S.K.: 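Let me begin by handing over the structure; questions about it come next.
Side-chain atoms are counted along with the backbone in the values below, which use heavy atoms only and exclude waters and symmetry mates. Predicted model only: the values in this text are computed from it and were never measured. Letters A, B, ... are given to chains in the order of the sequence lines, protein chains preceding strands, and every chain is numbered from 1.
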Amino acid sequence: MSFDVNIILRYYPELLGGAWVAVWITAVSLVCSSAVGAVVCIGRLQKHGAASRLATAYIDLFRATPEIVLIIWVFYCLPLLFDVRIGRYGCAIIALSAYGGAYMAEIFRAGVQAVPRGQIEAANALGIPIFHIVRRVIVPPAIGWMMPALVNFLTELLKATSLLALIGVAELIFVASTLGSKTFAYMEFYTAIAVIYFMIIFPLSVYARRAEQRRLRRTGN
Amino acid sequence: MTETAQDSANGANGAKEGDPIVLCRDVVKRFGDFTALDAVSTEVRVGEVVCIVGPSGGGKSTFLRMINGLEGIDGGEIVVDGIHLPGGKKDIQNVRREVGMVFQSFNLFMHMSVRQNLILAPMTARGLGRKEADDRAERLLERVGIGDQIDKYPSQLSGGQQQRVAIARALAMEPRVMLFDEPTSALDPEMIKEVLDVMRELAESGMTMLVVTHEMGFAREVAGRVLFMADGQILVDAPPERFFSEAEDERQANFLSKIL
Ligand SMILES: Nc1ncnc2c1ncn2[C@@H]1O[C@H](COP(=O)(O)OP(=O)(O)OP(=O)(O)O)[C@@H](O)[C@H]1O
Ligand SMILES: [Mg+2]
């Protein structure tokens, strides 16, 4: 069994192209997930009422649906139901953001609830205007709390893009299998994309760990 | 906020030494069906130090929290330096600028340095410039004896030091009244004195103070009056000499026999 490094080098523009697609879809989905998550989180934080029930139902629904089912459903069923043409990239982002929104909502909620009530009370007692309480007292520690979960979610999202090969999005798996069937160098290409995934995700995990340690040293909680 | 706006119908009027600065008239607080404060009336004059003691659940914390608008008022009224509560958002904001509060659990902003803890409120609620706020922070930390800790984070300080930071943080708003809710109850015994010393100095400087405490030595020495609160009422209001020598209420006698 031989491992032909040269074939990887020959096709590296295609591989990088696949990586780029995975990264930008992840980035766009992260932004959309955050927006969806923020709205759902606000609903979830209400103590009762329709908004709260709707938000809870949303979270339950999308956390109980495998991503792959969601992706296929959005690509094949949504256009039939609503008679719209969205395109595979649009579908990819819709599916990942719908799924991501449910996770981001829970991440946001944990972050906001992690800020000790006493600190908000002290800020109120000092007469600090509400805008500054949110910006200076609630958000920074909430982000600190959420960082590990956020980075974890980001890596999950990136890994989930590999499922998009099924609907023909030219991300890494799709590129590797296309190149593989063309050249029969399956081992080389699948190894190459494993390395590429690792090179993107590993620094993120290291960063998350460092940030968490820094936060712990500072705030001790 | 201009001075004229503040001095209008419902604004701080600058009470002088000996004038009443906190006035409570038949103040009622309910939590659901439960009446936590039952028509509490009292008056605190500028420069007075009033200690509040009493059994757990008697309403001491609730009473303090109502004076700076942390709890809404269900009946009666509280007037702080001419500002009437209950009132609008503006009134509550104005009251909070005049009234500082120190909590049992410090409640420092843990993600901020000591300096940032001290300058946030003066800059955002009083409109102070950075330089002025910094100078004030440094001066106040000197005053509470921890000038050298200004660039540390709260988690790097002892409990006693953290509570002194919390006192300095409240003082940075230049309040006219300071509320303390069991400021030493969360501290190890060896740190209680350093916090009480700061409070004693503050009292001597003429600050008006309401202090909920279990430190009877402090109450005896520093307080001008001691209030005994139980079941949402002020049952006794007496100078410390009398409060600790001759009980005028059965529950007060009971309380004193347990605590002294
Ligand atoms: N947010 C709240 N909701 C419901 N009940 C409350 C609330 N806050 C206080 N209470 C009740 O009001 C009563 C007075 O409470 P408060 O905390 O003022 O007592 P306290 O005198 O400060 O007691 P302690 O010495 O234990 O601090 C208690 O019975 C308490 O359970
Ligand atoms: Mg209390």
S.K.: Side chain, backbone, both or neither: which part of Val99(B) has a heavy atom under 4.5 Å from chain A?
M.R.: backbone
S.K.: Sort out for me which of Gln156(B), Met101(B), Gln93(B), Met123(B) touches chain A most, counting heavy-atom pairs under 4.5 Å.
M.R.: Gln93(B)
S.K.: Atom CZ of residue position Phe31(B) - does it have more than 12 heavy atoms of other residues, nucleotides or ligands inside 6.0 Å?
M.R.: yes
S.K.: For the pair His111(B) (side chain) and Arg136(A) (backbone), establish whether a donor and an acceptor sit closer than 3.5 Å, ignoring hydrogens and angles.
M.R.: yes
S.K.: Find out whether Leu126(A) and Arg169(B) are in side-chain contact, i.e. whether some heavy atom of one side chain is under 4.5 Å from a heavy atom of the other.
M.R.: yes
S.K.: If I take atom CZ from residue Arg117(A) and atom OG from residue Ser105(B), how far apart are they, to the nearest 0.5 angstrom?
M.R.: 12.0 Å
S.K.: With only heavy atoms counted, which part of Leu108(B) is less than 4.5 Å from chain A, the side chain, the backbone, both or neither?
M.R.: backbone
S.K.: Does atom CH2 (Trp20(A)) have a neighbourhood of more than 12 heavy atoms from anything else shown, all under 6.0 Å?
M.R.: no
S.K.: Of all heavy-atom pairs between Gly118(A) and Asn107(B), which one has the smallest distance, and what is that distance?
M.R.: O-ND2, 3.1 Å
S.K.: Heavy-atom distance under 4.5 Å to chain A: side chain of Thr124(B), backbone, both or neither?
M.R.: both
S.K.: Which atom pair, heavy atoms only, marks the closest approach of Gly127(A) to Ala125(B)?
M.R.: O-CB, 3.3 Å
S.K.: Just so I know, are the side chains of Asn68(B) and Asn124(A) near enough to count as touching, which here means a heavy-atom distance under 4.5 Å?
M.R.: no
S.K.: Looking at Met173(B), Lys152(B), Gln116(B), Arg65(B), which one has more heavy-atom pairs under 4.5 Å with chain A than the rest?
M.R.: Arg65(B)
S.K.: In Å, rounded to the nearest 0.5 Å, how long is the span from CD1 of Ile128(A) to CZ of Phe109(B)?
M.R.: 4.5 Å
S.K.: Out of Ala123(A), Pro141(A), Gly144(A), return the one with the most heavy atom pairs under 4.5 angstrom to chain B.
M.R.: Pro141(A)
S.K.: Please classify the contact of Phe103(B) with chain A as side chain, backbone, both or neither, using a heavy-atom distance under 4.5 Å.
M.R.: side chain
